Q: 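One structure follows; several queries about it will come next.
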Amino acid sequence: QVQLVESGGGLVQPGGSLRLSCAASGSIFSIYTMAWYRQAPGKQRELVAHITSGGSTHYGESVKDRTTISKDNAKNTVYLQMNSLQPEDTAVYYCNVVARTRAVGAPTDYWGRGTQVTVSS
């Protein structure tokens, strides 16, 4: 199994920045993609950003100009840097990793428990 531990959430003032981290551990054979999603109250979960094993990135439309996703392969850790935060960015942010735990078999989706980000003055 793969465990994901997120950190870095909290209360941020409008216009501020934050950096989220998600460390993957466990029986990891290979990681395909690492991503961040978010879910605000009463809304569906949406993609914030994802990064492939080769380093290609994709961002959600609402964050793409102020967000950077990156990863440290040696640490199996993915980061999310968000700038110019606004109240509408308030949500629970979830880490997602698609990985295999052995050399054969299909990759599996793993999810973190989420970290709350609140943007408010």
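If you read the sequence from its start, that first residue is 1, and numbering goes on from there. No experiment lies behind these values; they were computed from the predicted model shown.
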Q: Taking atom OG1 of Thr101 and atom CZ of Phe29, what is their separation to the nearest 0.5 Å?
A: 10.0 Å
Q: Which of these passes side chain to side chain contact (heavy atoms under 4.5 Å, CB included) with Tyr93: Gln116, Glu6, Met82?
A: Met82
Q: When rounded to the nearest 0.5 angstrom, what is the spacing between OG in Ser25 and CD in Gln1?
A: 11.5 Å
Q: In Å, rounded to the nearest 0.5 Å, how long is the span from CZ of Arg38 to CG of Leu20?
A: 11.0 Å
Q: Walk me through it: do Val78 and Cys95 pass the test side chain to side chain contact (heavy atoms under 4.5 Å, CB included)?
A: CA-CA 8 Å; Val78 62; Cys95 177; 3.9 Å; yes
Q: Can you classify the ring geometry of Tyr94 versus Trp111 as parallel (below 30°), tilted (30 to 60°) or perpendicular (above 60°)?
A: perpendicular
Q: Quick one: do Ser21 and Lys75 satisfy side chain to side chain contact (heavy atoms under 4.5 Å, CB included)? Show the steps, please.
A: CA-CA 11 Å; Ser21 301; Lys75 297 180 179 179; over 6 Å; no
Q: Taking atom CE of Met34 and atom CG of Asp72, what is their separation to the nearest 0.5 Å?
A: 9.5 Å
Q: Would a single hydrophobic cluster contain both Ile69 and Val92, if residues Ile, Leu, Val, Met, Phe, Trp and Tyr are joined by side-chain heavy-atom contacts under 4.5 Å?
A: no
Q: Step by step, work out the side chain to side chain contact (heavy atoms under 4.5 Å, CB included) result for Asp89 and Arg66.
A: CA-CA 12 Å; Asp89 294 311; Arg66 53 195 178 90; 2.8 Å; yes
Q: If every non-hydrogen atom of Asn73 is compared with every non-hydrogen atom of Lys71, which pair is closest and at what distance?
A: OD1-NZ, 2.5 Å
Q: Has Thr90 got a side-chain atom pairing as donor or acceptor with Val119's backbone, closer than 3.5 angstrom?
A: yes
Q: Please report the shortest heavy-atom distance between Pro14 and Ser121, naming the atom on each side.
A: CD-N, 3.6 Å
Q: Please name the pair of heavy atoms, one in Leu4 and one in Cys22, separated by the smallest distance, quoted to 0.1 Å.
A: CB-SG, 3.9 Å
Q: Take atom CD in Glu88; do more than 12 heavy atoms of anything else shown fall under 6.0 Å from it?
A: yes
Q: Same cluster for Leu80 and Tyr37 if Ile/Leu/Val/Met/Phe/Trp/Tyr side chains link at under 4.5 Å?
A: no
Q: Atom OG of Ser62 and atom CG of Leu47: how far apart are they, to the nearest 0.5 Å?
A: 9.5 Å
Q: Sequence neighbours left out, what passes side chain to side chain contact (heavy atoms under 4.5 Å, CB included) with Arg19? Give chain and number order.
A: Tyr79, Gln81
Q: Locate the shortest heavy-atom distance separating Ser17 from Ser84; write the atom from each residue and the value.
A: OG-N, 4.3 Å
Q: Report whether Val98 and Val48 are members of the same hydrophobic cluster (ILVMFWY, side-chain heavy atoms less than 4.5 Å apart, transitive linking).
A: no
Q: Kindly indicate, with the supporting measurements, whether the criterion side chain to side chain contact (heavy atoms under 4.5 Å, CB included) is fulfilled by Leu11 and Ser120.
A: CA-CA 7 Å; Leu11 176 64; Ser120 175; 4.1 Å; yes
Q: Nearest 0.5 Å please: distance from the CH2 atom of Trp36 over to the CG atom of Asn96.
A: 10.5 Å
